[in-house]
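All remarks here apply to the structure that follows.
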Amino acid sequence: MDNSISCASCHVLNEGGDDNSIVATGIDGKQGDINTPTVLNSVFNFRQFWDGRAKSLEEQALGPIENPIEMASDFDILVKKLKETEYKELFEKVFEDGITKKNIANAIAEHEKTLITPNSPFDKYLKGDETAITKEQKEGYDLFKNKGCIACHNGVNVGGNLYSKFGVMEDAKITNLGRYNLTKKEKDKHYFKVPTLRNIEHTAPYFHDGRTYSLHAAVKIMALYQVGRPMSEKEVDLIVGFLKSLSGELAKKGSK
Ligand code: HEC
Ligand code: HEC
């Protein structure tokens, strides 16, 4: 570990909680093989990671620290290092046993729980403020429901609560086997966690392989591969307009 990489190197909080790159770049410029999802609102996901391999934020947090490509650290070293900083006292205030691997994961997870983005125009609309979104955005929301997007992207995170195959209706031309890597079950091939659509306008490029920077193109891909019905340009634009109403406010307190 060389202190060059922090969580915020890849999850830039005031830019959508991701890194705006096709795949993540970790220690010594090493390239990962998957797109960085946003950390914002990750507390609302039923599992963490594209393939859902972490059941909780605590479990997730242990991943990148020891990942040889991402941060390439080691908890024995990390605990020792942190004990030489102001964190020693801060941890001792909160945890009886001070700085430990478990407590580090716990502290990171607690911090992540504050990284939510309430008060998006769409949330305000749902709470009864009819003027919070435009007429076109309402039309986009209707299309989002009528075209079946909502079958997968639903709940508080407009996603994040089930797995689905990428390429239900048509082969999505992907190399990553998704959940199959974990379960080795044929039926899990190309299955991924349905991502949240909150703050989606700020989290390009899209999909686990970062195949496009255009939200317009992403919606067209979904129409074709997931819904199996091409949409008119006008319909795609209306849905994109609706998706932009899902951008919320990041609490100041979680700014680093
Ligand atoms: C080198 C870039 C990089 C660093 C550093 C990094 N992450 Fe990530 N993060 C990623 C990538 C890439 C994924 C997706 C990996 C996958 O799904 O296989 C991810 C996934 C996540 C997720 C799951 C989100 C979801 O929707 O599934 C959370 C939460 C997260 N990271 C938090 C953290 C925390 C906390 C740290 C610091 C301890 C951290 N990350 C450090 C790149 C990074
Ligand atoms: C059958 C389930 C399903 C349906 C229906 C569906 N999606 Fe998706 N959506 C997914 C999955 C799974 C992914 C992630 C695919 C991947 O990257 O591997 C995704 C990804 C996305 C993304 C990119 C998110 C990101 O962070 O990269 C957008 C945008 C999106 N969907 C919008 C839509 C829209 C708009 C519709 C309706 C036209 C729709 N989806 C219909 C399952 C679905």
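Order of appearance sets the numbers: ligands from 1, and atoms from 1 within every ligand.
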*Using a strict cut-off of 4.0 Å, indicate which atoms of ligand 1 neighbour a heavy atom of Arg53.*
16 (C), 18 (O)
_Between Ser245 and Gln137, do the side chains contain a donor N or O and an acceptor N or O under 3.5 Å apart?_
no
*What class does the angle between the rings of Phe166 and Phe192 fall in, given that below 30° is parallel, 30 to 60° is tilted and above 60° is perpendicular?*
perpendicular
*For Ile65, the ligand 1 atoms whose distance to one of its heavy atoms is below 4.0 Å*: 38 (C)
_Between Leu40 and Val158, is there shared hydrophobic-cluster membership here, with clusters defined by ILVMFWY side-chain heavy atoms closer than 4.5 Å?_
no
*Kindly work out whether a path of hydrophobic side-chain contacts (I/L/V/M/F/W/Y, heavy atoms less than 4.5 Å apart) joins Tyr191 to Ile221.*
no
*Salt-bridge contact Lys173-Asp171 (side-chain N to carboxylate O under 4.0 Å)*: no
*asked:* Please determine whether a side-chain nitrogen of the Lys or Arg among Glu233 and Lys220 lies less than 4.0 Å from a carboxylate oxygen of the Asp or Glu.
replied: yes
_With the threshold set at under 4.0 angstrom, would you say Trp50 reaches ligand 2 through any of its heavy atoms?_
yes
_Close-contact set for ligand 1 against Ile5 heavy atoms, below 4.0 Å_ = 5 (C)
*asked:* For the residue pair Ser120 / Asp123, report whether a side-chain donor-acceptor contact shorter than 3.5 Å exists.
replied: yes
*Pick from Cys10, Ala24, Ala105, Gly210: the one approaching atom 1 (C) of ligand 1 most closely through a non-hydrogen atom*: Cys10
*Will you find, in the side chains of Asn41 and Thr117, an N or O donor that is under 3.5 Å from an N or O acceptor?*
yes
_atom 5 (C) of ligand 2: the protein heavy-atom neighbour that sits closest, reported with distance to 0.1 Å_ = Gly148 O, 3.4 Å
*Same apolar cluster (I L V M F W Y, side chains within < 4.5 Å links), Leu162/Val43*: no
*Looking only at distances, please establish whether an N/O atom of ligand 1 is found under 3.5 Å from an N/O atom of Thr25.*
no
*Report yes or no: does a heavy atom of Gly63 sit under 4.0 Å from some atom of ligand 1?*
no
_Quick check: His153 and ligand 2, any N/O pair under 3.5 Å apart?_
yes
*asked:* I need the nearest protein heavy-atom contact for atom 41 (C) of ligand 2: residue, atom name and distance, please.
replied: Cys149 CA, 3.6 Å
*Purely on distance, is any nitrogen or oxygen of Lys165 under 3.5 Å from one on ligand 2?*
no
*If you measure from each non-hydrogen atom of Ser42 to ligand 1, which part falls under 4.0 Å: side chain, backbone, both or neither?*
side chain
*When you measure from atom 18 (O) of ligand 2 to every protein heavy atom, which one gives the shortest distance, and what is it?*
His208 ND1, 2.7 Å
*If hydrogens are left out, which of His11, Glu112, Glu59 has an atom nearest to atom 6 (C) of ligand 1, that is, the closest non-hydrogen atom?*
His11
*asked:* Just to be sure I read this right, does ligand 2 sit under 4.0 Å from the backbone of Ala151, its side chain, both, or neither, counting only heavy atoms?
replied: neither
*If you have a sec, work out which protein heavy atom is nearest atom 24 (C) of ligand 1 and how many Å separate them, to one decimal?*
Gln48 OE1, 3.5 Å
*asked:* Among all the protein's non-hydrogen atoms, which is closest to atom 42 (C) of ligand 1, and how far away is it?
replied: Glu70 OE2, 3.5 Å
*Among protein heavy atoms, which lies nearest atom 28 (C) of ligand 2, and at what distance?*
Leu197 CD2, 3.6 Å
*Quick check: are there more than 12 heavy atoms from other residues, nucleotides or ligands sitting under 6.0 Å from NZ of Lys184?*
yes
*Out of curiosity, Leu78 CG to Ile65 CD1, how far, rounded to the nearest 0.5 Å?*
5.5 Å
*NZ/NE/NH1/NH2 to OD/OE distance under 4.0 Å, Lys88 and Glu92*: yes
*Report yes or no: does His190 have a heavy atom closer than 4.0 Å to ligand 2?*
no
*asked:* Considering Gly159, Gly178, Pro37 one by one, which has a heavy atom nearer to atom 20 (C) of ligand 1 than any of the others?
replied: Pro37
*Between Phe122 and Phe242, does the ring centre distance come in under 6.0 Å?*
yes
*asked:* Tell me if a side-chain donor or acceptor on Tyr87 pairs with a main-chain N or O of Val79 at a distance below 3.5 Å.
replied: no
*With distance as the sole criterion, is a donor-acceptor pair present between the side chains of Asp97 and Asn103 under 3.5 Å?*
yes
*Using a strict cut-off of 4.0 Å, indicate which atoms of ligand 2 neighbour a heavy atom of Ile239.*
35 (C)
*Which bit of Ala54 gets closer than 4.0 Å to ligand 1, counting heavy atoms only: side chain, backbone, both or neither?*
neither
*Does any N or O atom in Lys193 lie less than 3.5 angstrom from one in ligand 1, N or O only?*
yes
*asked:* Ring centroids only, cut at 6.0 angstrom: are Tyr163 and Phe46 within range, meaning strictly under it?
replied: yes
_Checking side-chain polar atoms at under 3.5 Å, does Asn161 have a donor or acceptor matched by the opposite partner on Asn154?_
yes
*Got a salt bridge between Lys147 and Glu235, using NZ or NE/NH1/NH2 to carboxylate O under 4.0 Å?*
yes
_Selected option - heavy-atom contact closest to atom 21 (C) of ligand 1, from His111, Gln60, Lys30, Arg47_ = Gln60
*Look at atom 14 (C) of ligand 2 and say which protein heavy atom is nearest, naming residue and atom and giving the distance to 0.1 Å.*
Pro195 CD, 3.4 Å
*Any idea which protein heavy atom is nearest atom 19 (C) of ligand 2, and the distance to it?*
Met222 CE, 3.3 Å
*Taking atom types as modelled, find out whether Thr183 and Asp188 have a side-chain donor-acceptor pair closer than 3.5 angstrom.*
yes
*Please confirm whether Asn45 comes within less than 3.5 Å of ligand 1 when only nitrogen or oxygen atoms on both sides are compared.*
yes
*Is the closest N or O pair between Thr36 and ligand 1 shorter than 3.5 Å?*
no
*Element-labelled atoms of ligand 1 that are located less than 4.0 Å from some non-hydrogen atom of Ser6*: 5 (C)
_Shortest protein heavy-atom distance from atom 4 (C) of ligand 2, along with the residue and atom involved_ = Cys152 SG, 3.4 Å
*Between Ile200 and ligand 2, find which residue part has any heavy-atom pair under 4.0 Å and reply side chain, backbone, both or neither.*
side chain
*Got a salt bridge between Lys81 and Glu84, using NZ or NE/NH1/NH2 to carboxylate O under 4.0 Å?*
no
*Identify the protein heavy atom lying closest to atom 37 (C) of ligand 1, giving its residue, its atom name and the separation to 0.1 Å.*
Cys7 SG, 1.8 Å
*Where's the contact between Ile34 and ligand 1, heavy-atom distance under 4.0 Å: side chain, backbone, both or neither?*
both
*asked:* I'd like to check whether Phe49 has a polar contact with ligand 1, where a contact means an N/O of the residue lying under 3.5 Å from an N/O of the ligand.
replied: yes
_Could you identify the single nearest non-hydrogen protein atom to atom 39 (C) of ligand 1 and state the distance to 0.1 Å?_
Pro64 CG, 3.5 Å
*Does Tyr206 approach ligand 2 within less than 4.0 angstrom via side chain, backbone, both or neither, non-hydrogen atoms only?*
both
_If you apply the rule side-chain hydrogen bond (donor to acceptor under 3.5 Å, both in side chains), what do you find for Thr36 with Asp19, and how did you get there?_
CA-CA 7 Å; Thr36 306; Asp19 57 5; 2.8 Å; yes
*For ligand 2, is there an N or O atom under 3.5 Å from any N or O atom of Phe166?*
no
_Close-contact set for ligand 2 against Met231 heavy atoms, below 4.0 Å_ = 38 (C)
*Could you state the interatomic distance from CG (Asn67) to NZ (Lys30), rounded to the nearest 0.5 Å?*
9.5 Å
*Which residue and non-hydrogen atom of the protein lie closest to atom 27 (O) of ligand 2, and at what distance in Å?*
Phe207 N, 2.7 Å
